[in-house]
Amino acid sequence: MNLTGWRISRLALLGMVVALAVTAGCERKRNQTGGGGGSSGSAGSAGSGGAGGSVPDNSPIKIGHFASMTGSEATFGQSTDQGIRLAIEERNAAIDAGTLKARKIELTTEDDAGKPQEAGTAVTKLITRTKVVAILGEVASGLSMAGGQVAQQYGVPMISPSSTNPAVTQIGDMIFRVCFLDEFQGQVVAKFAVEELKAKRVAILFDQGQPYSKGLADFFETALKAAGGEVATRQAYDTNNPDVGAQLASVNQAKPDAVFLPGYYTQAANIIAQARKQGITVPFLGGDGWDSDKFEEIGGDAVQGSYFSNHYSPEEQTPAVVNFVQKYKAKHGVAPDALAALGYDAANLLFAAIDKSPSLSGKDLAATIAATKGFAGVTGEITINADRDASKSAVIVKVDHGKRPAIKRYPAE
Ligand code: PHE
């Protein structure tokens, strides 16, 4: 696109949306000249800043969020969205108050209903229709993998707040995360089982339809053996088949000291409730996928006293956590779960990069995100490494009647 692009009517532009999306950098560049000096015109996008060069662009910067706002993991998307929106509110209020000189942020959220295909569509929409400069999401690793392919293809940076499967950031140089990975999480739960609970023979029951669940089961198994433990039995279930009676019978027969269940909260809570009915009384252990208030709502007494690894505990007394919990509670009436905290951190980290980046082209923005070091988040300090991942500590929390006391923290490797 060149200068004449400015004269094309909005209607015609709309018609060209799909074609333009391929050279999306061009359109995005128009929004970025606020800092004065205009576009430095990186290769291929000739002088788009020219026409408006002397007029500072104060229009909001558009970012996108793709999320499971509905479906069986709905609290993942909802909590993350609330965390992101709190970060945006604070930034935009600081601009209004004159304490921050920057452009406001405008968020568009697309619901993917927890389905991989819809995650891809959501990201396509955000990029080609809404023309966002960056994307936040997803929570579930399988959905980040689907959406991430699209973001990478269009060259639009994406930060997953909470996807822990290694494959997510392996998609390419546009994809980042601000949380720990499942290899570390698996080690943490295995160590906790063997060293703290003295549970050596652990059964594994995982969802073979979720990359997150399968990956975490594998990492846990390796770590359990390395810690001197033993797999009592390994059983798989299907995302879409709620009947796990046969698998639970096998678990019962194996007489484990504990059961590791790396699924998402709705299914995990239902499975634990069913397990108790089948006479399984040993402790259940999980990963971050259990983190939802619904876990206890669904599981009731059956899930009390279980443990899972997580990114943070709202009960922790560090100033950053206390301050965030207070602000979030005042707004939403409930304590923020890890999704909300990670959404808040991912958004703030993105804003810091937006403010520092020489332009809002995907390439410049990705390079600026990649250079993030020692960013002070609610969930800990975030440094983006060469794999576009973050190395963070993990905490084992206990499910305890609406509370999530932190039982043991494991430092980042
Ligand atoms: N780590 C999970 C995944 O990759 C998502 C998740 C993160 C769920 C944090 C709950 C809390 O699929």
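Order of appearance sets the numbers: ligands from 1, and atoms from 1 within every ligand. Positions are given from 1, in the same order as the sequence printed here.
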S.K.: So if I apply the side-chain hydrogen bond (donor to acceptor under 3.5 Å, both in side chains) rule between E296 and each of H401, K403, Q304, which one comes out positive?
M.R.: Q304
S.K.: Output the set of protein residues with a heavy-atom contact under 4.0 Å to ligand 1, ordered first by chain identifier and then by residue number.
M.R.: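 For ligand 1, the residues that come within the 4.0 Å heavy-atom cutoff are F76, V139, A140, S141, S162, S163, T164, Y212, Y264, D288, G289, H311, L339.
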S.K.: Among all residues two or more places apart in sequence or in another chain, which pass the ring-ring contact (aromatic ring centres under 6.0 Å, His included) test with F375?
M.R.: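 For F375, no residue satisfies ring-ring contact (aromatic ring centres under 6.0 Å, His included) once neighbours in sequence are set aside.
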S.K.: One thing to verify: whether D173 and K363 come together as a salt bridge, which I'm taking to mean a side-chain N less than 4.0 angstrom from a carboxylate O.
M.R.: no
S.K.: Relative to each other, are the rings of W290 and F308 parallel, tilted or perpendicular (30° and 60° limits)?
M.R.: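 The rings of W290 and F308 sit tilted, inter-plane angle from 30° to 60°.
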S.K.: Check K225 with E221, please: is the shortest side-chain N to carboxylate O separation under 4.0 Å?
M.R.: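 Yes, E221 and K225 are salt-bridged.
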S.K.: Once the angle between the rings of Y265 and F76 is folded into 0 to 90°, is it parallel (under 30°), tilted (30 to 60°) or perpendicular (over 60°)?
M.R.: perpendicular
